[in-house]
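A short worksheet on the structure shown next.
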Amino acid sequence: VAQRARAIERRILDVIHAEAGASLSGERFNRLALDVFAFQYGANEPYRRYCQARSATPHNVRNWHDVPFVPAAAFKEVPLTCFPPEEASLVFTTSGTSQDGRAGTHYLLTSALYDASLLAHFVAALLPDGARLPLYVLAQPPSEAPHSSLSYMLGQVERRLGNGCTYYVDATGLDTAALDRDLALAEAEGTPAMLLGTAFAFVHFLDYCKEHGRRYALPKRSRLMDTGGFKGRSREVSPEELHARYRDVFDIPPQYVVNEYGMTELCSQFYDASLVDHTQRRRRPPRKLAPPWCGFSIVDPETLEPARASEPGVLRFFDLSNLYSVAAVQTEDVGRAVPSTDGEPLGFEVLGRAQGAEARGCSLALDELLSAQTR
Amino acid sequence: VTSSTHSVPLWYLPPGVPEPRSSVDGLVLRVAKVDGYHIRAARAALETAEPEVRALPVTVIVEAIDRALARLRDPTDPARSALLEAGPVETGYSREALAHAVDVMLARFGADGLWALLRDELGNPAVLDDFVPSAAGMRTARGLGRHFHVFAGTVPTVAVFSMICVLLTKSTVLAKPSSADTLFPAMFARTLSEVEPRLAPALAVLPWQGGDDELEREALVGAGAVIVYGSDETVNSFRKRAPQHGRFVGYGHRLSAAAISREAHSASRLAATARNLAWDVSLFDQRGCLSPQVAFVERGGERTSLELAAATAECLDALLRTLPKNSGSPEQSARIRSLRDAVEFRAALGEDVRVWTSPGSTAWTVFHMSDNRPQRWGSGGRVITLVPVDDLEAGVPRLCTGMPVSTIGVAATADRFTRLATRFSTIATRICPLGRMAEPPVTWRHDGRPNLLDLVEWHDLEQ
C-alpha cells in the first residue's frame, strides 16, 4: 500500500512542479483522481464506510465528480487518515468552536505535498512577476500557533519565498505601533512590501490608521494578501470597502490585492486572479483560481446535482494534495463558477459561508482577541 | 420610474421628511442609500411630533391600530395584496405563512388584545392618559420619548408588535428593520398613517446595512429607549453605544424545545403529537426563537421515539402543501445539506443516529439521535432533532444546561403538564402546549420581561 501511495504521490508532485501555468487535461486529472480515490477507499476506513453507505466503490465510480464528498464537518468526528494518526508530522485544527465544541482536525503524514502545493500556487498567484519581497505578517507566527494551517503556510512562504519577514500578531494581539513604524520605514526606503494576514486584522489596523491619521505611500508593486471573512461578526466589511481602504491607507491598488480562500481541511489554497490578470495584462472577470491539482465543482444544495452555469451552489473540492486524508471535500460555503467566453470554468467566486457555518477559525479567533483588546 | 406608482416603498418617513432616493426592484421600491441626513431629519420630525402624540387618548391609539390591522386582513385592500405579493421575496416566507401571520397572529393585536395587554401590565389603561388613584395617592405612566428599535427579521409580527407597544405608551419610534423583513414594518407604518393621520408623524422606518457605526450613532442620539432584537453580538454592540440615560432592552439569542411525555406518544395520540410538533417546526421555518429546534421524547411510550420521528417526517412533508416553504437562500440550503451530511457520516460510522429527509430537497429534515453526546441545536429551516430521554423531569433540564431557553412546548396529559411546567419553569420563561409554540398570546412576557412596563416611567402624586 505504501509503495502504491508513494507512486501516486510522485505523480501528484510532478503535476505540482510542472511549469507554472501548465494545465492538467481533464482526462489526466480524472485518472489521477480515481487512483487517489481507490487508494483512500482502501486505506481510510471511516471514508470507506461513508462510501459504502452511499454505494460508491472504486469499481463503480468512473468520474471524480461521482465519488462521495465528505462534509467538512466530518473532520471533527474522527481522524480521516490513510495512516495511523499518531504518525502525523503535521496536525492542523480549526480554531472556531463547532456546534458541539469540537474542532476539525486535519492530520498530514508528511509536509511534502502540502509544502509543494502551497508554494507553487502562492508563487503563481502572488508573485507572478518573480518578485521577492519583505513580508509584513498580520497573523501569528507558526511557533506561536503550531496547529494553524494559515500560520504554517505563512511560515513556509517566509522561509522559501520571502526577503525578510516580521510578524505583528502574538497572543496579546496586533502590534499596531510596530507595524506603523515599519511601514513608514518601507515607504521611506522605497522598498516594495508584501502585507499578509487575516482580513479582520487588516480592518483592525485600518481603524487604527483612521484614528491616528496614518497613511503610507507604499512603493509600486507592493501587494497585499488577506484571508478569512466577516460573516456573522459584529463588523462586516465588504470587499469593495476593503479595497478602497487598502488603496487609501497603503496606496495599494485593487489589482495588487489578492484574497485567499482556504480551509484547514484542504492542503490547497485558492487566490484571487487579480494580480495574475494584471501581470498578463488581461481583462477577465474577478474570480478565485484553483490550482491544476485541485478540481472544484458547484452543486445545487437542494438536489446535489451540478448547479447550472453560474448559478450559486455548494462548493466542492477534489484536492489531490490531500492524498493521505480525504481528497473529496464538500464545504459549507456557497459559490458560483465563473466561466470564460467558451463556457469553460475559469475559476469560482465565493458568495458566502453557510449561515451558522464556522468561518475558517483564524480570522475569527483573532477577531475575538482584537475585540477583547479594544474592550 | 413610471412603474413606481404601484411598487411598495420599503421604508416609511413622517410627513415633511424628504423621501430617500430609491429604485424599483420588482414589486418594491428599495432605498438606494440612507445617509445621516435622513436619520437626523426623521429624528427631528419624531421629536416635534411627541407632544401631539402624547396628547392622544389611548383609546384613539388602540382604535387606530385595530383599524390598520383590519385593513391588512381585508382581501380588497391594496396593503394586504402588497404584503402577500411582495412578501415572499422580501421575507423569505411563503404566501401561506404570511397570510397566517396577518390573519391569525396580527389579528391578536387588535383592540381586544391590546386592551387585555394594557390591563394585564398596567392595571388601569387610563393611567396612560392621566393620573389615576394609586395606593398612596395618584399615579400616571408616561412613555420614554423617542425610541430606536433594531429588528432581526425573524418573524414578521415581532417588529409590528414592537412598534405597537411604543405607540401604546404614546411615544415615537425610529425603526431599523432587518434586510430580511423591511416590508412588514414599513407597510404597517404606512397603513397606520393612512387610517390615523395624527399618528403619521410618530413612526419612521429606515433600512440600512447593519454595522454602519456612523448611521447607528445618529439613530441612537438622545433616544429615550433602545430596543434591539438580534444576535447577542448585535445586542451588545448597541448596548455599548446606547445613550447612558435611556432605557435599553435587548432580545438576544434564545432557543426553544419540545418535551414529549410518554403518554403523548401512545398509539392513539402519536399522530396528533407528530402533527403538533411538525406545525411548530414548520410555521416560520424556525426563524424565530420560539420554534422548537429539538424535541425531547420520553422513553416508555406505547410507540417508540423512532416511530414518532417517522410520523413527524410524514407530517412535515404534508405541511409542505398547506404551509409551503419558500425556497431559501443557497446559504441556508447549504447549511442544512452540511448538517445532514455530517449526521449521515456519523451514521456510516455506526453511531446511533437516524435521518429522515425531504426527497430531492432540503425542505425538511428529521434527526433522531441518542443523548449521550453534548449537542447544541438550532439550525432552523425545518430541521428537528428528536432526542430520547428516560424521563422528562430530569432529562430536559440536564440537556438544556447552559442554553438560553425561551419556550418549552409540552405534550402531556393535563396533570403531567402541570408537574412538568413547574419543573421547566426554572429553565424556561414560557411553557405552552405543543402545537402553539410559535404563536404566543399578546400578553406573553417576552423572554420573561413585560412589554409595556419596560417602556414607561411612573409619575407619582402624593396627597
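All chains are named by letter (A, B, ...) in the order of the sequence lines, taking the proteins before the strands, and each is independently numbered beginning at 1. Since this is a predicted model, take the numbers as computed values, not measurements.
- Within residues 296-309 of chain A, the residues having any heavy atom less than 4.5 Å from a heavy atom of chain B are, in residue-number order, A/Pro301, A/Glu302, A/Thr303, A/Leu304.
- If you check the side chains of B/Gln286 and B/Ser291, you find no donor sitting under 3.5 Å from an acceptor.
- A perpendicular orientation is assigned to the rings of B/Tyr93 and B/Phe284, their planes being inclined by more than 60° (bins at 30° and 60°).
- Partners of B/Glu90 under the salt bridge (Lys or Arg N to Asp or Glu O under 4.0 Å) rule, at least two apart in sequence or in another chain, are B/Arg30.
- For B/Asn326 (side chain) and B/Pro88 (main-chain N/O), a donor-acceptor pair under 3.5 Å exists by modelled atom type.
- Remark: A/His106 pairs with A/Phe75 by the ring pair (Phe, Tyr, Trp, His ring centres under 6.0 Å) rule, at least two apart or across chains.
- In this structure, no portion of B/Ala347 lies under 4.5 Å from any heavy atom of chain A.
- With respect to chain B, the highest number of heavy-atom pairs below 4.5 Å among A/Pro46, A/Ala73, A/Ala53 belongs to A/Pro46.
- Taking 4.5 Å as the limit, some side-chain heavy atom of A/Thr331 sits within range of a side-chain heavy atom of A/Tyr261.
- In this structure, the ring pair (Phe, Tyr, Trp, His ring centres under 6.0 Å) partners of B/Tyr229, at least two apart in sequence or on a different chain, are B/Phe151, B/Tyr251, B/His446.
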